[in-house]
K.L.:
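What follows is a structure written as structure tokens; I'll ask about it next.
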Amino acid sequence: MEEIHDKMPMDEYLESFNPPQREAVEFCDGPSLVIAGAGSGKTRVLTYKIAHLINQHDLEPWSILALTFTNKAAGEMKERIAKIVGENMARTIWMGTFHSIFLRILRIEHEHISFSQNFTIYDTADSKSLVKAIVKEMELDEKTYKPSSVLDTISRCKNQLVTAEEYASNPANVQSDARRNMPALAQIFQRYSNRCRQSDAMDFDDILLYTFLLFDKCPDVRERWASRFKYILVDEYQDTNFSQHQIVWQLSKDHQKVCVVGDDAQSIYSFRGANIDNILSFQDRYKGCKLFKLEQNYRSTQNIVQAANSLIEKNRKQIQKKVFSENDKGEKLHVIDTHSDIEESNVVINNIKRIKKAEGCEYRDFAILYRTNAQSRVFEDSLRKEALPYRIYGGLSFYQRKEIKDIIAYFRLTVNPNDEEAFRRIINYPARGIGQTTVNKIATQANLNGTSLWNVICFPEQYGLSISKSTLGKIVQFQEMMSKFSEEASTKSALDLAKDILHNSGILNDIYKDATPEDLSRQENVEELVNGIQEFCESRTEEGNEHIYLIDYLSEVSLMSDVDSDNGDDDNKITLMTIHSAKGLEFDTVFVVGLEEGLFPSQMVSGNPREMEEERRLFYVAITRAKTHCFITYAQSRFRYGQMEFSSPSRFITDIDPQFIDRKQTLYSSLNTRNDDVSLPWAKKRTSSFTSPRPFTPFQPEPLRRPASSMPISSSNGLSSSSSSYGIPASSAPTASQSAPSNPSRNGISAGSTVLHDRFGRGTVLKVEGQGDNTKARIKFDNSGEKILLLKFAKLRLIN
DNA sequence: ATATCAACCCTTTTT
DNA sequence: GGGTTGATAT
């Protein structure tokens, strides 16, 4: 059954492209590099190029390999291609993330790398827990060998295609480890690799490493896949790491039919091993490579594009290009100074309401983007209070919740009994009286005999496991139950087996025994998981697969992130996410929040110019998500690590050419300008007692610590409050009298006073009542609503 | 073997 | 501030 679109003449859609876009689509004879500026229609070009390959070059869809950055991007592109070439054609294209595509290939070729077909994928938590166990076993100091930093080293190596053996045999590594005071790193690395093998498990990096090794060690296998894929496309090439770069080469070096697309200005994943040099040096590796530059931005207003250009110009290392827009000039970017994280969130929300009312747009047109997930909380609180619909991406993803991980662990152990991390997770969940001591004994015997924990409990006597009769009984019971599940793994459908496991393992009993609010939420999650499995099975069935087993489901979810599982268009909500996860997305109105030194750019990168440039690119990505309105906000104070912290505006704000910016300042910020600092009597004393001093840089005036006690300040610096329609309404309050307070407990605060609060910002006192310690003020804050505060505790300062 | 409480780290970003 | 981990008591 052919789709109507199949018959659409190629010329017709080619006409809708600008010249470089069209050339990029049509050039299919050799290697090409497409530098695609933000919003330049990159995805459209890729989509039509694939359609073009099928329609005009008669390539079989299954001979096209298209690698994307996220599963979601792959899914969306597939849908769009299906609209052009038809569902049946689109379905067989090899399209997905590096990890999902090569996982598929590794499962097919598992014998060549000595893994079983059902090997497990360890997520980061599993990897950490394994490292921790190894460090403990080796009796190393757990403070020096933190799982995160150990794993960081291991990951870096694998991304560079360095195996544990190679690492250990290179004296340079051993020496540098000694210098880092971590001489056992090489040994931990080796143990880690062995244990993963023992468990028949791979971590994320292993998927790429073993793919490379497979192609490297088995030339016939490489040739088979290299000749199968007649054309290779890679999206977001600026975010590939060395191993990915090498795998692309392994598959494309014979025919050189490869097209990579990316934007060096949007390279933001070097922390994950991404190497911007891959894209910068692409032309050197592929001789005769054609270069196409997509420089017209169709997404954003001229002001947004030019502001972003002026920002990214401050970076040195980049491919020359001039991104331009022929859209409306648009309004300037709004930079809004706020007093606290709370005020920042209120300013954002007020603007959302205002714009929505003025333009009649939808909630889904708004996005709040931040540097770190922790920043979402304040916005979440405010949005909930205002009853506005929102969706937070990232943070604790669905699959990272305890109850879900427990269930997945059962699935994993069912499919692969050697999976050590899954084993440890569920051996005593639900509680069945097998405690830490017993598990340690099992683990010791497993290590001693070089086998898996599972094998030890299958043959306890053989492996010399000395435990009490009653404990042994419990272990045997567990072993028999899991064996039964395992036997069904290759016969029962994923959904049936999953339900079976939930019932017979005692998980359902455990989760449904109480009805506290937390229990209810766990129950909901479990139901959602079951629904997810059902949906997965149904969609696979629709695609024509006959049998869907648990391993198929596991393979899919182990590489799934929160952004991927987004059900997208049907929910009309304000989007909250990190800038990283916003890559590739666009919104009518974007709020980039938390533009403060130490937060964005992160304090982690200070003193490292290369990483500082990456932070700047991150900001570039954030701004270029906006189509019409772009707001940049910062807060002078915010809660971090349970403490109030004060910071100055990010240096990135001054990187943007001021002609594209409309700056709004609150009165409070004027009090806190650099020149005023020294004139304030308490400034010096407080700064010296600042608990975590940051390195001083020319961009960064020394942080100002505000007094903890309420201290009335009569300001006479003649600053007028700024009035604006951007969430900082003009003061309608009458000026307070300068006369001495009649009641000392009131510190001069009376109805009509304008006051400042550390967290709520500026407000007008409506009423003061009560006596002595019990004196309360009802205050209407400009951006935080009305509050009644005890003057004894409230950190208020009077301003006139 | 489990429950409770203190101590600790944390916050960069994710396939 | 909060979530997780480890020590201690029951």
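Residue numbers begin at 1 in each chain, while the letters A, B, ... track the order of the sequences.
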K.L.:
In whole angstrom, what separates A:Asn71's CG from B:dT15's C1'?
P.N.:
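Computing the A:Asn71:CG to B:dT15:C1' distance gives 8 Å.
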K.L.:
Quick check on the 6.0 Å ring-centre criterion: do A:Tyr210 and A:Phe115 meet it?
P.N.:
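For A:Tyr210 and A:Phe115, the ring centres are under 6.0 Å apart.
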K.L.:
Tell me which nucleotide among B:dT13, C:dG3, C:dG6 gets nearest to the side chain of A:Lys136.
P.N.:
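In terms of side-chain proximity for A:Lys136, the closest of B:dT13, C:dG3, C:dG6 is C:dG6.
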K.L.:
Look at all strands and tell whether A:Thr437 reaches a base, only sugar-phosphate, or nothing, counting heavy atoms closer than 4.0 Å.
P.N.:
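It contacts sugar-phosphate atoms only.
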K.L.:
Which residue, A:Ile392, A:Val593, A:Thr575, forms the side-chain contact (heavy atoms from CB on, under 4.5 Å) with A:Ile368?
P.N.:
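Of the listed residues A:Ile392, A:Val593, A:Thr575, the side-chain contact (heavy atoms from CB on, under 4.5 Å) partner of A:Ile368 is A:Val593.
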K.L.:
Can you figure out which of C:dG2, B:dT14, B:dT2 approaches the side chain of A:Tyr269 most closely?
P.N.:
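Nearest to the side chain of A:Tyr269 among the choices is B:dT14.
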K.L.:
Output the single nucleotide from B:dT15, B:dT14, C:dT5 whose closest atom is nearest the side chain of A:Thr97.
P.N.:
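Shortest atom-to-atom distance from the side chain points to B:dT15.
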K.L.:
Would you indicate, yes or no, if B:dT14 has its OP1 or OP2 atom less than 4.0 angstrom from a side-chain nitrogen or oxygen of A:Thr124?
P.N.:
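Indeed not, no polar side-chain atom of A:Thr124 lies that close.
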K.L.:
Check the distance between B:dT13's P and A:Ile392's CD1 and give it to me in whole angstrom.
P.N.:
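Atom CD1 in A:Ile392 sits about 14 Å away from atom P in B:dT13.
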K.L.:
Flag this pair as yes if the NZ/CZ of A:Arg617 is under 6.0 angstrom from the six-membered ring centre of A:Tyr620 and inside a 45 degree cone about the axis; otherwise no.
P.N.:
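Judged by the rule (NZ or CZ under 6.0 Å from the ring centre, within 45° of its axis), A:Arg617 is not positioned above A:Tyr620.
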K.L.:
Looking at A:Phe119, I'd like to know if the NZ or CZ of A:Arg107 sits under 6.0 Å from its six-membered ring centre while staying within 45 degrees of the ring's axis.
P.N.:
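Here A:Arg107 passes the 6.0 Å and 45° test against A:Phe119.
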K.L.:
Does A:Asp263 come within less than 4.0 Å of A:Lys42, counting only side-chain N to carboxylate O?
P.N.:
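Salt bridge: no.
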K.L.:
Show the distances under 3.5 angstrom between N or O atoms of the protein and N or O atoms of nucleotides 4-11 of chain B.
P.N.:
none

K.L.:
What nucleic acid atoms does A:Asn428 come within less than 4.0 Å of, heavy atoms only: base, sugar-phosphate, or nothing?
P.N.:
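Sugar-phosphate only.
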K.L.:
In terms of side-chain heavy atoms of A:Asn373, which of C:dG6, B:dT2, B:dT14 is nearest?
P.N.:
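Within the option list, the nearest is B:dT14.
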K.L.:
Distance check needed: B:dT15 C1' versus A:Gln238 CD, whole Å only.
P.N.:
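My rounded result for the distance is 15 Å.
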K.L.:
Considering only C:dG2, B:dT14, B:dT15, which nucleotide approaches the side chain of A:Thr70 most closely?
P.N.:
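From the listed options, B:dT15 comes nearest.
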K.L.:
Roughly, in whole Å, what's the span from CG in A:Leu208 to C1' in B:dT14?
P.N.:
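Rounded to whole Å, this separation is 13 Å.
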K.L.:
Between C1' on B:dT2 and OH on A:Tyr429, what's the gap in Å once rounded to a whole number?
P.N.:
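In whole Å, B:dT2 C1' and A:Tyr429 OH are 16 Å from each other.
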K.L.:
Over all strands shown, is A:Glu615 touching base, sugar-phosphate only, or nothing at heavy-atom distances under 4.0 angstrom?
P.N.:
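Since a base atom lies under 4.0 Å of A:Glu615, the category is base.
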K.L.:
When rounded to the nearest Å, what value does the distance between P atoms of C:dT4 and B:dT13 take?
P.N.:
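Between the two P atoms, the distance is 15 Å.
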K.L.:
Does the side chain of A:Lys132 get closer than 4.0 angstrom to OP1 or OP2 of C:dG6 through an N or O atom?
P.N.:
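Yes.
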K.L.:
Rounded to whole angstroms, how far apart are CD on A:Gln375 and C1' on C:dG1?
P.N.:
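Between C1' of C:dG1 and CD of A:Gln375: 15 Å.
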K.L.:
Cut-off 3.5 Å, side chains only: do A:Asp141 and A:Thr144 have a donor facing an acceptor?
P.N.:
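Judged by distance alone, the side chains do pair up.
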K.L.:
Taking the six-membered ring of A:Tyr122, is NZ or CZ of A:Lys128 closer than 6.0 Å to its centre and within 45° of its axis?
P.N.:
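The answer is no, since A:Lys128 fails at least one limit relative to A:Tyr122.
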K.L.:
Return yes if a side-chain donor-acceptor contact under 3.5 Å exists between A:Ser558 and A:Tyr399, otherwise no.
P.N.:
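No, A:Tyr399 and A:Ser558 have no side-chain donor paired with an acceptor closer than 3.5 Å.
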K.L.:
Which nucleotide wins on minimum distance to the side chain of A:Glu142, given the candidates C:dG6, B:dT13, B:dT15?
P.N.:
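Closest nucleotide among those given: C:dG6.
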K.L.:
May I ask whether A:Phe98 stacks on the base of B:dT15, given the cut-offs of 5.5 Å between ring centres and 30° between planes?
P.N.:
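Check failed, A:Phe98 does not stack on base of B:dT15.
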